[in-house]
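Each chain gets a letter, A, B and so on, in the order the sequences are listed, and its residues count up from 1. Since this is a predicted model, take the numbers as computed values, not measurements.
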2 protein chains.
Amino acid sequence: MNDGDAGATATLEDARRHVIETADDLYYARGIQAVGMDELRRASGMSLKRLYSLFPSKEQIVLAVLAHRHELWTAGVTAKVGAAGSPTDRLLAIYDYLADWFADDSFRGCGFINAFGELGAVSPAVADLAREHKADFQRYVADLVAAAGAPVELAPQLAILAEGAQTTAAIAGNAEAAAHARRAAETLIHAVT
Amino acid sequence: MNDGDAGATATLEDARRHVIETADDLYYARGIQAVGMDELRRASGMSLKRLYSLFPSKEQIVLAVLAHRHELWTAGVTAKVGAAGSPTDRLLAIYDYLADWFADDSFRGCGFINAFGELGAVSPAVADLAREHKADFQRYVADLVAAAGAPVELAPQLAILAEGAQTTAAIAGNAEAAAHARRAAETLIHAVT
DNA sequence: ATCGCCGGAGAACGACCGTTCTCCGGATTC
DNA sequence: GAATCCGGAGAACGGTCGTTCTCCGGCGAT
């Protein structure tokens, strides 16, 4: 089936990643609690025993999925920002990344916000991961703001715009939220530089 | 049968409201799926049979809770806005209302965003109610913007700021998000008036 | 006093949850 | 060839979910 002897550790890690990606798709599309272990097992194409040999519990899968989503998000944002030119354009690139994301058919809001609403009150680990994800983004924006020579107060404002665009696009089903947020960001940046 | 007494209808409506308020507290604090009917029955102080005589299903209770939250939100915002003076102050009053809300110990984000993340993919009725709630807010902001004589593009920008402040305050546990959003709103308003 | 009805309390029900266990076929090792 | 181990498949387990049903005590009418 899969390739053979590149090392037991590598294939084990591959299997784990495969589960994480499958779980991510299902959890994100339908909600975490709506997807049972049996459905995840079926979609992953493995036995329940193997699934539980890869992860000790569903909660650990959820945490791994969130960590994976954080990496995807970070990679996507930094790629888009890296392709931009001036420090100001780099700030605005955040909203271009959001626009790309919102255009995806499967977009259903920020997975961390969704997970926080669903499990944050009941699973401190999930709440912590969501908090760390958002704090990381705030730091990232703050760095870009500093690089643009803008005052520090601009950073939380731009971050709030990005957050609001995500929930607005998700619930209103309105992908233009990215464009609105971008235009607001332009105004805010222009006012202080 | 039993036609005359208008009081019977009133107490039935009282009982319904009591269930809705109890359910609202529980659902908002811990998540909808985390609260079972038996716990709601116990907290409401009534029998399961009576509970099911007041509402046909849990989903109907959830929808009633969301409708109730929408009324509370609308009343709170309009009260704060109504107490403000100039059209510009009325726009900024939105963020003062958010600041009051965020300061509440039990604040755990926007109940509609939470419900949407938890059940939106699985319950179209919940998704619709969340969408209507947000659309209603967008219209409200648009009216205030029009009254202030500002261009229409300002409205979605201010709404996005309000949305972002809610999720940021909820996840980061950071009540200052209201102040940041308010300052951003001041800048945006100032730029176009 | 007796009957019939109503609503309260909570047991019961079937479904499904996350997790564990049993069974078994096939590869590995002497 | 025989003993041993490993992992696959999925049944089983205890618990909880939303919902329904049974039982029973109180009460108004006759």
- Item | Between P of dC17(D) and CD of Gln33(A), the distance in whole Å | 11 Å
- Item | Rounded distance (Å) that lies between atom P of dC17(D) and atom CD of Glu59(B) | 18 Å
- Message: If you compare every side-chain N and O of Arg50(A) against the phosphate oxygens of dG8(D) (OP1, OP2), does one of them come in below 4.0 Å?
- Response: yes
- Message: What is the separation between atom CD on Glu118(A) and atom P on dC17(C), rounded to the nearest whole Å?
- Response: 13 Å
- Query: Do Arg42(B) and Asp38(B) have side chains that get closer than 4.5 Å, going by heavy atoms?
  - Reply: yes
- Message: Given the ring of Tyr28(A), does Arg69(A) sit roughly above its face, with NZ or CZ under 6.0 Å from the centre of the six-membered ring and within 45° of the axis?
- Response: yes
- Task: Just compare dT19(C), dA9(C), dA9(D) and give me whichever is closest to any side-chain atom of Ser47(B).
- Result: dA9(C)
- Nearest-nucleotide 5' precedence on DNA chain D, Arg41(A) against Ser57(B): Arg41(A)
- How long is the line joining CE of Met37(A) and C1' of dG15(D), in whole Å? 16 Å
- Message: Rounding to an integer number of Å, can you tell me how far Arg42(B) CZ sits from dC17(D) C1'?
- Response: 14 Å
- Task: Give the rounded distance in Å between these two atoms: CD of Glu39(B) and C1' of dG10(C).
- Result: 17 Å
- Query: Can you tell which of dG18(C), dA11(D), dG8(C) lies closest to the side chain of Leu48(A)?
  - Reply: dA11(D)
- Query: Do Ile32(A) and Asn114(A) have side chains that get closer than 4.5 Å, going by heavy atoms?
  - Reply: no
- Message: Taking the minimum atom-to-atom distance to the side chain of Tyr52(B), which one of dG18(D), dA9(C), dT19(C) wins?
- Response: dG18(D)
- Message: Counting distance alone, no hydrogens or angles: does the base of dG8(C) have a donor or acceptor under 3.5 Å from a partner atom on the side chain of Lys49(B)?
- Response: yes
- Item | Trp73(A), Tyr140(A), Phe137(A) screened by ring-ring contact (aromatic ring centres under 6.0 Å, His included) with Tyr97(A), the one that passes | Trp73(A)
